[in-house]
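Nothing here was measured: the structure is a model prediction, and the numbers come from that model. Side-chain atoms are counted along with the backbone in the values below, which use heavy atoms only and exclude waters and symmetry mates.
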Amino acid sequence: MEYKGLPIASLQGKDCTLILPAVSVGHVGQLCLDLLITSLGAKRVGRLNHVSLYPVVGVDAHAQDGQQTTGDLQTALEVYSCPEKRLFLLQQRSPCIPGCQRDFCHDLVEWVKHCQFQSVVMLGSIDAQQRVDDELCGDQFRFACTDKAQSANATLSGFGWKEATRLSGDKLHLPGSGMAKRLFTHCSSEGLPLSLALWFSLPGCQVLDAIHLAGRVNDWLQLVEGTDGKQSSARPGSQWVFPSSWKVYMPEHAEQMLY
């Protein structure tokens, strides 16, 4: 794992929370990260390179309407900082190459340990088509915390939210969640404070699920004022700022020239 950018230590990463996505069904975690980055006005401070990720490059995903883009290219794995919230956000824009997830997970955990983040939160999704009976009705949010994240576990339980289902042998049941279960297992063995925040979703680009998930995370961490997880779109007084890259996903912003 090669990091290029401002030193995390100089940005006081030791006292901060790291939020990252699981590349999972519906792209919910990645969409949620884009929403948080844009709404918080987080600034990119560096990039991570790893041979296990497909190379990808694109234009600025967070420019707003009427705002000129910086011209900077965005790559597969980028680090953003929001100092006033003591927060770092690691956006992953491409999946792991098949057979390389174990190496990537190991090196990511080593980087997290090196940066000494106070806590780590992974946002993602679970395949709604593979729910067990107890998961079919009610709230579609689930969470799981390692032993070192018991304060987070108490807070999330205090909201009345449900923990992720565990099967025989105390194994998490997280179909379609990408690397979430592997990272959870690895962080547990390394004694790292990891919390998973997950939403049941379906294949596709599930923008509304991402907004719901961002609302739950915001209820928990109090990052953006004037928002809640019950709204499916922006409302008067809401501070969610949709990234420009969402135009193709939001029906009201469909390009009319297509028709």
So, the side chain of [X] versus the backbone of [Y]: is there a donor-acceptor pair under 3.5 Å, distance only?
X      : Y      : value
Gln206 : Leu208 : no
Ser39  : Val241 : yes
Arg86  : Asp15  : yes
Gln92  : Ala22  : no
Ser24  : Ser125 : yes

I'd like to check [X] versus [Y] (side-chain heavy atoms, cut-off strictly below 4.5 Å). Are they in contact?
X      : Y      : value
Phe242 : Thr38  : no
Phe200 : Leu136 : no
Leu87  : Leu36  : no

Just wondering, are more than 12 heavy atoms of other shown residues or ligands nearer than 6.0 Å to [atom1] in [X]?
X      : atom1 : answer
Lys148 : NZ    : no
Asp147 : CG    : no
Arg102 : CZ    : no

_Test of understanding: clusters of I, L, V, M, F, W, Y form through side-chain heavy atoms closer than 4.5 Å, transitively. Do Leu48 and Val120 belong to the same one?_
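Yes, Leu48 and Val120 fall within the same hydrophobic cluster.
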
*Determine, step by step, whether Ser189 and Thr185 satisfy the side-chain contact (heavy atoms from CB on, under 4.5 Å) criterion, reporting the C-alpha distance in whole Å, the side-chain angles of both residues, the deciding distance to 0.1 Å, and the verdict.*
CA-CA 6 Å; Ser189 64; Thr185 301; 5.7 Å; no

*Report yes or no: do Ser188 and Thr146 form a side-chain donor-acceptor pair below 3.5 Å?*
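Checked: Ser188/Thr146 side chains show no N/O donor-acceptor pair below 3.5 Å.
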
*Do you see a donor-acceptor pair shorter than 3.5 Å between the side chains of Gln140 and Arg131?*
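There is such a pair between these side chains.
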
*asked:* Among residues at least two apart in sequence or on other chains, which ones pass side chain to side chain donor-acceptor pair (under 3.5 Å) with His186?
replied: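 By the side chain to side chain donor-acceptor pair (under 3.5 Å) rule, His186 matches no residue at all.
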
*Tell me, with the steps shown, if Val112 and Leu194 meet side-chain contact (heavy atoms from CB on, under 4.5 Å).*
CA-CA 11 Å; Val112 168; Leu194 171 69; over 6 Å; no

*Could you list the residues that satisfy salt bridge (Lys or Arg N to Asp or Glu O under 4.0 Å) with Asp34, not counting sequence neighbours?*
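Partners of Asp34 by the salt bridge (Lys or Arg N to Asp or Glu O under 4.0 Å) criterion, ordered by chain and then number, come out as Arg93.
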
*Give me the ring orientation class for Trp161 and Phe141: parallel if the planes are under 30° apart, tilted from 30 to 60°, perpendicular past 60°.*
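Because their plane-to-plane angle is over 60°, the rings of Trp161 and Phe141 count as perpendicular.
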
_Steps toward side-chain contact (heavy atoms from CB on, under 4.5 Å) verdict (Leu33, Tyr80)_ = CA-CA 10 Å; Leu33 255 291; Tyr80 294 80; over 6 Å; no

